[in-house]
There are 2 protein chains.
Amino acid sequence: MATLKDVARLAGVSVKTVSNVVNGYSFVKPDNRRRVEEALEATGYRPNLGARNLRRGRTGSIALVLPELSIPYFAELAGLVIAAAQEHEWNVLIEQTFGTLSGERSALASLGPHLVDAAILSPEALHVDDFQLSVPSVLLGEHAVDVPISRVGIDNVAAARVAVRHLISLGRKRIAAIGAHPQRGTAALRLEGYRSALEEAGLPFLDELVVTALNYHRADGAAAMKSLLDLRNPPDAVFCFNDLLAIGAMRAATERFVRVPADLAVVGFDNNEESVYSSPSLTSVAPDKGAIARAAVDLLHRQTSSPALEHVETPFSLLVRESTVAR
Amino acid sequence: MATLKDVARLAGVSVKTVSNVVNGYSFVKPDNRRRVEEALEATGYRPNLGARNLRRGRTGSIALVLPELSIPYFAELAGLVIAAAQEHEWNVLIEQTFGTLSGERSALASLGPHLVDAAILSPEALHVDDFQLSVPSVLLGEHAVDVPISRVGIDNVAAARVAVRHLISLGRKRIAAIGAHPQRGTAALRLEGYRSALEEAGLPFLDELVVTALNYHRADGAAAMKSLLDLRNPPDAVFCFNDLLAIGAMRAATERFVRVPADLAVVGFDNNEESVYSSPSLTSVAPDKGAIARAAVDLLHRQTSSPALEHVETPFSLLVRESTVAR
DNA sequence: GTGAAAGCGCTAACAG
DNA sequence: CTGTTAGCGCTTTCAC
């Protein structure tokens, strides 16, 4: 690999001049600029990012800490974060925590100014006192933990309310919720939205219709749905706190010959691509993932120069499909 | 951040000694070792990987070039590659090409010794002469292009044959294939397996039953299935070259009131998690993704020290589910 | 066994 | 406008 020095020698100038050209510094004598550009071309010079970053005191990377790439929501988000980070010449290091406390702790511990310039975090189990961050960070989604860290996400209460209102508008009376969770902040907010929608419609909030899910995988949704169908008086609709739970719930309903949406209307959350092609297709709350990714990365970029605490609220919409309204 | 020098000063030794301790060099006077370890602890020293890599002439990263993270197969694979790379202290830089020739070319062009130590490639459109790789690389899957680059993947011909044999064993006579592709090497191999399974069973290979798919998304599978159902004599089974195509195909069948598996048996390829919970669940060829990820990373690790050309064949299995055998 | 010092490739004062 | 030079934090000869 050609180095700056090689290029300088070939062009008959100093490394400084080459560096100036490479970095787009304006004041270079036209004649020198031309010679340097030719030498650059001839050598096929590519800057050594490692050296540049060392010198500049940055790492050139940001961390994206998430539960698991095999969860479609995070996979889609990761793709968008990578694209957004490219704009700022950042590489994205993905760390998977598998949603466990120990996984999240060790991910946070590994973070540091020596490794990444900043971090995007999507924690599920962390406690308040775990947040001893050594780099500018942003939290995805809202959380119960009240820590002074910037956040990006949608209004979960409002989104859940929209979802449940939709079910109510369909004439459903016994609307269940799957995904309550003792620790997760977003779960608490979605439950809050669910409760308030019922309330404004004069429907009772029934404990038996709220199912806790310790994980948000398809299997958890199926298990939760089974328990709801075992009720002496099963629900006629269910609001699932993410699409995977909803997919699992629909699967369980189908196995019991419960028809969706005729007997049971289902709404999910996240709008995974998978939900468009499921049978029936799934009505879902669709956060603007692109907006989330861009907001998070841009916010970090700002914070690396001037620290500040920001909360960005991104838009969402409800996409109505066959799981609530038959074609 | 504490540097080696800080630690050395605190411990009252030279940086060399500290470096020796940090890197696990054996011959350090016990007394010095203890002092250094205390200083390490006291300062919370963490090596600056950027500096270390610069000095060692490596980047500490490998590239994973794939079409798109929102495709479940690649998302799952990426998670596994990240885990495998950690064993060798490698970070994984994910580059998305979106399956386009230009995307793949620019990804390859950006690769280089200054950026990554090695690369795992999953190209779809590249031509032979595009493969001017400047770092040790491994190709995922088999390809038509005959280039001297190491490969890791399953035996696609055999896998396709197993899938189609399964359909034949069910008594299906008009077995279609979705996913033929003029360029993709893996598509050619799967088609070859399909053809040979028909042949050994004495079934005719019919052009009208082979549908080309330029992309392998759910929508492409749905479109292909529709065209097959429009045939005067539609198929009674279909082998899809990946699970997304199969999910789309099942969706299209359902929309036309074609029952799966009664009227139409469906087999996919990749064994996405999604396929376990679809209705009906999808029979699929399951490559051992963990084995692929590990083999690819280990192979690269070997190649960074001693270049060699290797082809690793990883195992697969056929997981039979409801799309071919009703419960 | 350990210290001094060079240097990986780059940027940025600082001169000139 | 451009050359010289120091040094980012680390590893690694080379002496001692």
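In what follows, chains are A, B, ... by sequence order, proteins preceding strands, each numbered from 1.
- The phosphate of D/dG3 (OP1 or OP2) has a side-chain N or O of A/T17 nearer than 4.0 angstrom.
- Residue-level contact check: A/N53 touches neither bases nor backbone, having no heavy atom under 4.0 Å from any strand.
- With C/dG3, C/dG9, C/dT11 as the candidates, the nucleotide lying closest to the side chain of A/L4 is C/dT11.
- When each of A/R46 and B/V15 is assigned the nucleotide of DNA chain C with its nearest heavy atom, B/V15 is the one assigned upstream, toward the 5' end.
- Looking at A/T59 and A/D117, their side chains do bring a donor and an acceptor atom within 3.5 Å of each other.
- Counting non-hydrogen atoms under 4.0 angstrom, B/S19 reaches a base of the nucleic acid.
- An OP1 or OP2 oxygen of C/dT11 is reached within less than 4.0 angstrom by a side-chain nitrogen or oxygen of A/R52.
- With values rounded to the nearest 0.5 angstrom, A/L309 atom CG is found 8.5 Å from A/R151 atom CZ.
- Across the protein-nucleic acid pair, A/N48 atom CG and D/dC8 atom P stand 18 Å apart, rounded to whole Å.
- Side chains of B/N272 and B/Y73 form a contact here, defined as non-hydrogen atoms less than 4.5 Å apart.
- The residues A/R294 and A/E87 are annotated as not salt-bridged, no charged nitrogen and carboxylate oxygen being separated by less than 4.0 angstrom.
- Between the C1' atom of C/dC8 and the CG atom of A/L49 lies a distance of 15 Å, rounded to the nearest Å.
- Here the P atom of nucleotide C/dT2 and the CZ atom of B/R9 are 20 Å apart, to the nearest Å.
- B/N20 has no side-chain polar atom (N or O) that falls below the 4.0 Å cut-off from OP1 or OP2 of C/dT2.
- When each of D/dT11, D/dT2, C/dC10 is scored by its nearest atom to the side-chain atoms of A/T3, the top-ranked nucleotide is C/dC10.
- Here the side chains of B/L40 and B/V22 are in contact, with some heavy-atom distance below 4.5 Å.
- Taking atom CZ of residue B/R55 and atom P of nucleotide C/dC10, one finds them 16 Å apart after rounding to whole Å.
- Distance CZ (B/R56) to P (D/dT12): 6 Å, rounded to an integer number of Å.
- In this structure, CZ of A/R35 is placed 12 Å from C1' of D/dT2, rounded to the nearest angstrom.
- The residue A/K29 sits close only to the backbone: its heavy atoms come under 4.0 Å of sugar-phosphate atoms, none of a base.
- Residue A/L54 has its side chain nearest to D/dG9 when only D/dG9, C/dG3, C/dA12 are considered.
- Proximity note for A/S14 (side chain, C-beta onward) versus C/dG9, C/dT11, D/dT4: the nearest is D/dT4.
- Looking at the side chain of B/K16, the nearest of the listed nucleotides D/dT2, D/dT4, C/dT2 is C/dT2.
- As rounded to whole Å, 21 Å separates atom P of C/dT2 from atom NZ of B/K5.
- For the pair A/D31 CG and D/dC1 C1', the interatomic distance rounds to 13 Å; values are reported in whole Å.
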